Amino acid sequence: MYPLSEKREKWMVFSAWPYVNRVPHLGNLIGSILSADVAARFLRLTGADVVFASGSDMHGTPIEVEALKMGISPKELAERNHAVVKELFEKWDISFDNYTKTESPVHVKFVQDFYKKVYENGYVFDDVVQMLYCPNDKMFLPDRFVVGTCPYCGYEKAHGDQCENCGRLLEPTLLINPRCAICGATPIIKSTRHWFFDLPKLSEELERYVEENKNLPANAKNMSLQMIREGLKPRSLTRDNKWGIPAPFPGAEGKTIYVWMEAVLGYISAVKEYFEERGEPERWKEFWFDKDTKTVYFIGKDNIPFHVIIFPALLMASGEGYVLPWTVAATEYLLFKGLKFSKSKRHGIWIDEALEVFPVDYWRFVLIALRPEVRDTNFTWEEFARIVNNELNDAIGNYIHRVLTLAYKRYGRVPEPSRVDAEAEKLHETIRGYVESIKESMYKFRFKEALSKIVQLAGEGNAYLNRTKPWDLGDEEAAPVLYAALHLVKALAIMLSPIIPRSAQRVWEFLGYSDRVEERLWDEALEPPEPGLPLAKPEPLFHKVSQEDIEEAVAKIEEKREKKGAGLF
RNA sequence: AGCGGGGUGGGGAAGCCAGGUAUCCCGCGGGGCUCAUAACCCCCUAUGGGGGAGGAGGAACCCCGAGGUCGGUGGUUCGAAUCCACCCCCCGCUACCA
């Protein structure tokens, strides 16, 4: 299928690793995993050699604390949650080549080997620091796990890093009456030794990398350059947590690697693991050590500095020649009815709830249509219904269905266009123009823009049918007209397959194909279907959602939360 | 507080870097059209649903129309959404949440 003479482009598509102390919500999904899935599916359609990987981030204090409360081991809790999340992603049709976890033996070993190398190369030093310690729980407390009274506004539940009430940044030592967030005991100050990553040493190299990388989006580039120029600080690598990957530095027995600093290395270890499982243990190097491999990381806007500064710095410090990020695709936030998603306030929709009330393709379509590419974007049920009804059902579904029905009833197969029709020729031309333009948007990871062009193209198809009125024509005259209309159906199936893979496959089969549309190539959308293909009896692809459907869905979600709470396992 | 992003008719976006009649999609009001979809109807049913017929209103599609002076103020200019200054609002980051 792929031209052998041409070297296939190599791509690695990554999404931020979800932290599995809660079920991801729709905002988490669109920012990273769903967007990455659309990208991976699109890139495969272009004929590229693609690896799409991610995994569960399992270590760290929140899970350790939660397990403690539940009276089970952190590993048991994390594994349990990982299994749930993994299954949910399958239900969302996320086409991971490898969805793994930070407890994977491949990852653990990789992280330790990696940091040994970074240590040997002189980028790690240790120092003694003063930290808050809870004598009752016998653990050091991250700032976040200390609560107390805000010295500025008097709010009594201020966290050690920031007061949620007045928004001021704090130090835990500034809190009046500080308490351990877990047990309420008064923490004491205790000294402990930690290991640090010498980020400043790489400032110049990082600045050059960011400046010269033409593919980074402007917002990521500006923010990162600014941070580098203001001066980077060493970054702490270790924690006193028990639940984590043991730090491999001499004298660091009992310390673990800080979750963030190890989870990012999952981008590499997950690819390594993927090829090992396929019995090609050396092939991951073809991807990670080839500077022509393109990598794209789908993340929320809060994650930019980690991916544009710290992760590249780690890659540099290893001295192994890993390919640096080609670009990052950072989204703004999806809001729910104007406010941020919040588990404690039960505000939002979680990815397990969503699938219980509407089909997966409705959600995928709506989320891509609302993808916050430029600014925070609001999800409301009214918007959901509008997009499903007007765009998915009326513009796209209705066009496809009316064309398939007309052709099926009249010919039962894709007709032979035995004569030339000027309107039909124009439509073929229009389709080809859109296919190219939508491809460009997809390559820029502007999925919202791409989707809006697809909807527009379906509108062109509807207008074309209105003008040509094939139902008034004889079989002979209608053939070229419907042939062009079927070309558009085929093009829509191919171009929609990254976004709504299930529905695209159904259309593909209605057209008479028996293979998988996702195994075809994007450019096949330029060509009409083969005359003579036996059409299958078409069925409506989607249904409109009514006000009552929405009310039912909301009630069903509420009911579920009575039992289980929002975003909980 | 500093830094980054954003503020464009009711909703969503483009235009801004390289100043010159404010653009597109949706929504709203009026009109046109009927191949598809769906209510009512008929048949079958293991009551979940399945099949047939039909074609009002409405939807797709087409035409016409209403609605914004581009967050605010000031400046540069013959001319500012676009350039400059100051200010306001929203979001993020500021290194021990992940």
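Numbered from 1 within each chain, the chains take letters A, B, ... in sequence-line order. The model shown is predicted, which means the values in this text are computed figures rather than measured ones.
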Colleague: Can you tell me, in whole Å, how much space there is between the P of rC40(B) and that of rG50(B)?
Modeller: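 rC40(B) and rG50(B) have their P atoms separated by 15 Å.
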Colleague: Would you indicate what R22(A) reaches in the nucleic acid, counting non-hydrogen atoms under 4.0 angstrom: base, sugar-phosphate, or nothing?
Modeller: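 If one applies the 4.0 Å heavy-atom cut-off, R22(A) turns out to touch nothing in the nucleic acid.
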Colleague: I need the CZ-C1' distance between F384(A) and rG12(B), as an integer number of Å.
Modeller: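 Going from CZ in F384(A) over to C1' in rG12(B) covers 17 Å.
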Colleague: Give L232(A) one of three labels, base, sugar-phosphate or nothing, depending on what nucleic acid heavy atoms sit under 4.0 Å from its own.
Modeller: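 Contact class for L232(A): base.
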Colleague: Taking only side-chain nitrogens and oxygens of N393(A), does any of them come within less than 4.0 Å of OP1 or OP2 of rU37(B)?
Modeller: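 The answer is no; no side-chain N or O of N393(A) sits under 4.0 Å from OP1 or OP2.
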Colleague: Heavy atoms under 4.0 Å, any strand shown: does R235(A) hit a base, just sugar-phosphate, or nothing?
Modeller: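 R235(A): base contact, heavy atoms under 4.0 Å.
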Colleague: Tell me what G461(A) touches on the nucleic acid: a base, only sugar-phosphate, or nothing, going by heavy atoms under 4.0 Å.
Modeller: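 Nothing, no nucleic acid heavy atom in range.
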Colleague: For D161(A), report the nucleic acid contact type (base, sugar-phosphate, nothing); a contact means any heavy atom under 4.0 Å.
Modeller: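 Sugar-phosphate only.
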Colleague: Does N222(A) make a side-chain N or O approach to OP1 or OP2 of rG5(B) shorter than 4.0 Å?
Modeller: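 Answer yes for this pair, as a side-chain N or O of N222(A) is under 4.0 Å from OP1 or OP2.
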Colleague: Without decimals, in angstroms, what is the distance between I228(A) CD1 and rA95(B) P?
Modeller: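 The answer, rounded to whole Å, is 17 Å.
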Colleague: Start with the C-alpha distance between F365(A) and F542(A), add both sets of side-chain angles, then the distance that settles ring-ring contact (aromatic ring centres under 6.0 Å, His included), and finish with yes or no.
Modeller: CA-CA 12 Å; F365(A) 190 94; F542(A) 314 106; 7.5 Å; no
Colleague: Just the rounded figure in Å: distance from P of rC28(B) to CZ of R386(A).
Modeller: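 Between P of rC28(B) and CZ of R386(A): 11 Å.
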Colleague: Could you give the distance separating rG6(B) and rA66(B) at their P atoms, to the nearest angstrom?
Modeller: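 Between the two P atoms, the distance is 33 Å.
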Colleague: Heavy atoms only, 4.0 Å cut-off, all strands: where does T380(A) land among base, sugar-phosphate and nothing?
Modeller: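 Here T380(A) touches no strand at all.
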Colleague: Quick one: which of rA60(B), rG4(B), rA14(B) gets closest to the side chain of N398(A)?
Modeller: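 Of rA60(B), rG4(B), rA14(B), rA60(B) is nearest to the side chain of N398(A).
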Colleague: Are Y362(A) and H543(A) near enough that their ring centres are under 6.0 Å apart?
Modeller: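 Ring-ring flag for Y362(A)/H543(A): false, centres at least 6.0 Å apart.
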Colleague: Compare side-chain N and O positions of R375(A) against OP1 and OP2 of rA14(B) and report whether any pair is under 4.0 Å apart.
Modeller: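 Result: yes.
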Colleague: Cation over ring, K255(A) on F249(A), under 6.0 Å and within 45°?
Modeller: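 No - K255(A) does not lie over the ring of F249(A) by the 6.0 Å and 45° rule.
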Colleague: Taking the six-membered ring for Trp, are F384(A) and F379(A) parallel (under 30°), tilted (30 to 60°) or perpendicular (over 60°)?
Modeller: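 If you compare the ring of F384(A) with that of F379(A), the planes turn out tilted.
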Colleague: For a quick test of reading the model: is some side-chain N or O of H401(A) closer than 4.0 Å to OP1 or OP2 of rU37(B)?
Modeller: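 For rU37(B), OP1 or OP2 has a side-chain N or O of H401(A) closer than 4.0 Å.
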Colleague: When we call it a touch if two heavy atoms are under 4.0 Å apart, what does T377(A) touch: a base, just sugar-phosphate, or nothing?
Modeller: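 Sugar-phosphate, backbone atoms only, no base.
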Colleague: Taking atom P of rG12(B) as reference, at what distance in whole Å does atom CZ of F379(A) sit?
Modeller: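 Interatomic distance, CZ of F379(A) to P of rG12(B): 14 Å.
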Colleague: Taking any heavy-atom pair under 4.0 Å as a contact, classify Y408(A): base, sugar-phosphate, or nothing.
Modeller: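 Here Y408(A) touches no strand at all.
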Colleague: Nearest whole Å is fine: how far is rC93(B) P from R229(A) CZ?
Modeller: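 So the CZ-P distance, R229(A) to rC93(B), works out to 22 Å.
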Colleague: Decide yes or no, distance alone: a donor-acceptor N/O pair under 3.5 angstrom between the base of rA98(B) and the side-chain of Y258(A).
Modeller: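 Indeed there is one.
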Colleague: In whole Å, measure the gap between the C1' atoms of rC93(B) and rC28(B) for me.
Modeller: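 To the nearest whole Å, 41 Å.
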Colleague: Identify whether any heavy atom of V374(A) sits under 4.0 Å from a base atom; if not, whether one sits that close to sugar-phosphate; answer base, sugar-phosphate or nothing.
Modeller: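 Sugar-phosphate contact only.
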Colleague: Using the C1' atom as the point on both nucleotides, what is the distance between rC24(B) and rU8(B), in whole Å?
Modeller: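 About 13 Å, rounded to a whole number of Å.
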Colleague: May I ask you to establish whether K301(A) and Y333(A) are in a cation-pi arrangement, using a distance under 6.0 Å from NZ or CZ to the six-membered ring centre and at most 45° from the ring axis?
Modeller: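 Yes, K301(A) and Y333(A) form such a contact.
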Colleague: So, is rG48(B) syn or anti if syn means the angle is within 90° of 0?
Modeller: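 Nucleotide rG48(B) adopts syn.
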Colleague: Within less than 4.0 Å of OP1 or OP2 of rG4(B), is there a side-chain N or O belonging to K221(A)?
Modeller: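 K221(A) to rG4(B) OP1/OP2: no side-chain N or O under 4.0 Å.
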Colleague: With heavy atoms under 4.0 Å as the rule, sort P172(A) into base, sugar-phosphate or nothing.
Modeller: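 P172(A): no heavy atom of the nucleic acid under 4.0 Å.
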Colleague: Just checking N390(A): base, sugar-phosphate only, or nothing, at a heavy-atom cut-off of under 4.0 Å?
Modeller: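 Here N390(A) touches the backbone only, sparing every base.
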Colleague: Any side-chain N or O of K448(A) under 4.0 Å from OP1/OP2 of rA13(B)?
Modeller: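 The answer is yes; a side-chain N or O of K448(A) sits under 4.0 Å from OP1 or OP2.
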Colleague: Flag the pair F197(A) / W195(A) as yes when their ring centroid distance falls below 6.0 Å, and as no otherwise.
Modeller: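 They do not qualify: ring centres at least 6.0 Å apart.
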